[in-house]
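Below is one structure, written out as structure tokens; comments come after it.
Proteins get letters first, then strands, A, B, ... in listed order; numbering begins at 1 in each.
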Protein chains: 2
Amino acid sequence: MKRDSRLSGVLHVLLHMAERRDPMTSEALAQAMQTHPVVIRRILGGLRDAGFVRSEKGHGGGWTIQRALGDITMRDIYDAIGRPALMAMGHRTDAPGCLVEQAVNAALDTSFRDAEALLLARFAQVTLAELAADFHARMAARPATSVKDHIHG
Amino acid sequence: MKRDSRLSGVLHVLLHMAERRDPMTSEALAQAMQTHPVVIRRILGGLRDAGFVRSEKGHGGGWTIQRALGDITMRDIYDAIGRPALMAMGHRTDAPGCLVEQAVNAALDTSFRDAEALLLARFAQVTLAELAADFHARMAARPATSVKDHIHG
DNA sequence: TTTCATGTAACTTTAAATAATACGTGAAAT
DNA sequence: ATTTCACGTATTATTTAAAGTTACATGAAA
């Protein structure tokens, strides 16, 4: 399995956008994330459709956040990127005729469902404003002088 | 990401073994699991080292369970197969110096750690005996006549 | 001594995420 | 108007870990 890092990627990108007043280009965001501009457009595309960010073409264009950070939770972002799988484990067959497999799947499914519910509940409790505040707290605890010293690019 | 199904696979195999008195060969287990004998040996190898099963070579050889089903929990099995990742998401390590990324990772890690702890706690509460009982209950709720009608192979 | 069955290493295939390429659309600057 | 900038997206390639496969060695029983 290749671990999915879209959620952390999107959150990272959004917080970087939040530190700026002007639109940020996919190019600039990609550089900050050490990835490709197309990847940025793909993951932000879902957020645009959900109304969290706006994109503008042409000179001076780029991406801007459309809602107050306090009104966006990690759960919102998770939903907007298409609710990718949270659990790394599945089972071999979905509709098994084998009753042994049914018993095993039932036990695993129950546990995984509860763990997922816990995760989503946690996600819903964390807003981007809180993440931004955490970032600023980390910055204050450091000797460097400005925001620019703490973010890449 | 390719979902990991080793845990469900091992549990499945163990319950099948539990339904028999004689050793089961990797060949027979593989047929029941629709997979390859080598895969069976690989996943059972860890359990053998942990003392949950025993393997014997030669005529009449194969795999047998070494402990009472009530003394083996799903958590034991999870540990014995090497504690594979439970969560499908990781975070990018591209910019570890970035405080924004640190803030995001901290929030995600907290949630994921709690979800993993919940999962492992649940695993520790379920014994193979309970899974076997669930299997027999499912069998009793069905019109077919014998164990053989409900397990593959 | 032949056959059966596990023990393992090495290699191939597969699934999902990510990266890269190429080309299209629309907006602003000149 | 035309050029430049920046997003939109389809297509293809790369990467990673799991799963499958092959090959050969070891050891026990017939």
Side-chain angles (χ1 to χ4, degrees), chain A residues 1-10 12-13 17 20 22-49 53-64 66 78 81-94, chain B residues 1-10 12-13 17 20 22-49 53-64 66 81-95:
Chain A
M1 174 220 301
K2 198 173 189 175
R3 311 281 293 275
D4 189 327
S5 68
R6 274 175 293 177
L7 181 56
S8 90
V10 175
H12 191 169
V13 157
M17 287 167 58
R20 309 239 190 162
D22 299 330
M24 286 189 76
T25 66
S26 303
E27 180 77 31
L29 289 169
Q31 211 163 0
M33 300 286 305
Q34 312 247 52
T35 184
H36 205 276
V38 173
V39 176
I40 300 292
R41 297 199 188 104
R42 250 198 318 250
I43 58 184
L44 286 185
L47 297 211
R48 181 191 54 228
D49 298 343
V53 300
R54 194 158 75 100
S55 62
E56 280 172 300
K57 295 179 177 176
H59 283 86
W63 300 90
T64 43
Q66 282 294 94
Y78 172 74
I81 62 177
R83 301 178 187 170
L86 292 169
M87 301 294 143
M89 293 184 177
H91 20 71
R92 3 196 82 237
T93 57
D94 287 336
Chain B
M1 167 221 305
K2 199 172 188 175
R3 308 280 293 271
D4 188 328
S5 68
R6 274 175 292 178
L7 181 56
S8 91
V10 175
H12 191 170
V13 158
M17 285 167 60
R20 310 239 190 161
D22 300 329
M24 286 188 76
T25 65
S26 304
E27 180 77 30
L29 289 168
Q31 210 163 0
M33 300 285 306
Q34 312 245 54
T35 184
H36 205 277
V38 173
V39 175
I40 299 292
R41 297 199 189 104
R42 254 199 313 248
I43 57 183
L44 286 186
L47 297 209
R48 180 192 55 230
D49 298 340
V53 300
R54 194 158 74 99
S55 62
E56 281 172 300
K57 295 178 176 178
H59 283 86
W63 301 89
T64 42
Q66 282 294 96
I81 63 176
R83 301 180 187 168
L86 292 169
M87 300 294 144
M89 292 184 177
H91 28 68
R92 35 181 72 243
T93 50
D94 290 333

Do P84(A) and M89(B) come within less than 4.5 Å of each other through their side chains, counting heavy atoms only?
yes
When the distance from CE of M33(B) to C1' of dG20(D) is rounded to whole Å, what number comes out?
13 Å
Could you tell me how far apart I43(A) (CD1) and dT9(D) (P) are, to the nearest whole angstrom?
15 Å
When you check the phosphate oxygens OP1 and OP2 of dA16(C), does a side-chain N or O of R3(B) lie under 4.0 Å from one of them?
no
Restricting to salt bridge (charged side-chain N to carboxylate O under 4.0 Å, His left out), what partner residues turn up for R6(A), sequence neighbours left out?
D4(A)
Nucleotide dA28(D), atom C1' - distance to CZ of R54(B) in whole Å
12 Å
Expressed in angstrom and rounded to an integer, what is the separation of R83(A) atom CZ from dA17(C) atom P?
16 Å
Got M87(B) and L86(A) here, is their nearest side-chain heavy-atom distance under 4.5 Å?
no
Which pair of heavy atoms, one from A30(A) and one from P37(A), lies closest together, and at what distance?
CB-N, 3.4 Å
Distance in angstrom units between I40(A) CD1 and dA19(C) P, rounded:
9 Å
R6(B) CZ to dA17(D) P: how many Å, rounded?
12 Å
Rounded distance in Å - NE2 (H36(B)) to P (dA23(D))
10 Å
Could you list the protein-to-nucleotides 5-8 of chain C atom pairs, N/O on both sides, closer than 3.5 Å?
| residue | atom | partner | partner atom | Å |
| --- | --- | --- | --- | --- |
| dA5(C) | O4' | G58(B) | O | 3.4 |
| dT6(C) | OP1 | S26(B) | N | 2.7 |
| dT6(C) | OP1 | S26(B) | OG | 3.2 |
| dT6(C) | OP1 | W63(B) | NE1 | 3.4 |
| dT6(C) | OP2 | S26(B) | N | 3.3 |
| dT6(C) | OP2 | S26(B) | OG | 3.3 |
| dT6(C) | OP2 | R41(B) | NH2 | 3.4 |
| dT6(C) | O3' | S55(B) | OG | 3.3 |
| dG7(C) | OP1 | R48(B) | NH1 | 2.5 |
| dG7(C) | OP1 | S55(B) | OG | 2.8 |
| dG7(C) | OP2 | R48(B) | NH1 | 2.7 |
| dT8(C) | OP2 | R48(B) | NH2 | 3.4 |

Q34(B) CD to dT14(C) P: how many Å, rounded?
17 Å
In chain order, what residues pass the salt bridge (charged side-chain N to carboxylate O under 4.0 Å, His left out) check against E56(B), with sequence neighbours excluded?
R54(B)
With side chain to side chain contact (heavy atoms under 4.5 Å, CB included) as the test, would you mind laying out the steps for L47(A) and W63(A) before giving the verdict?
CA-CA 11 Å; L47(A) 297 211; W63(A) 300 90; over 6 Å; no
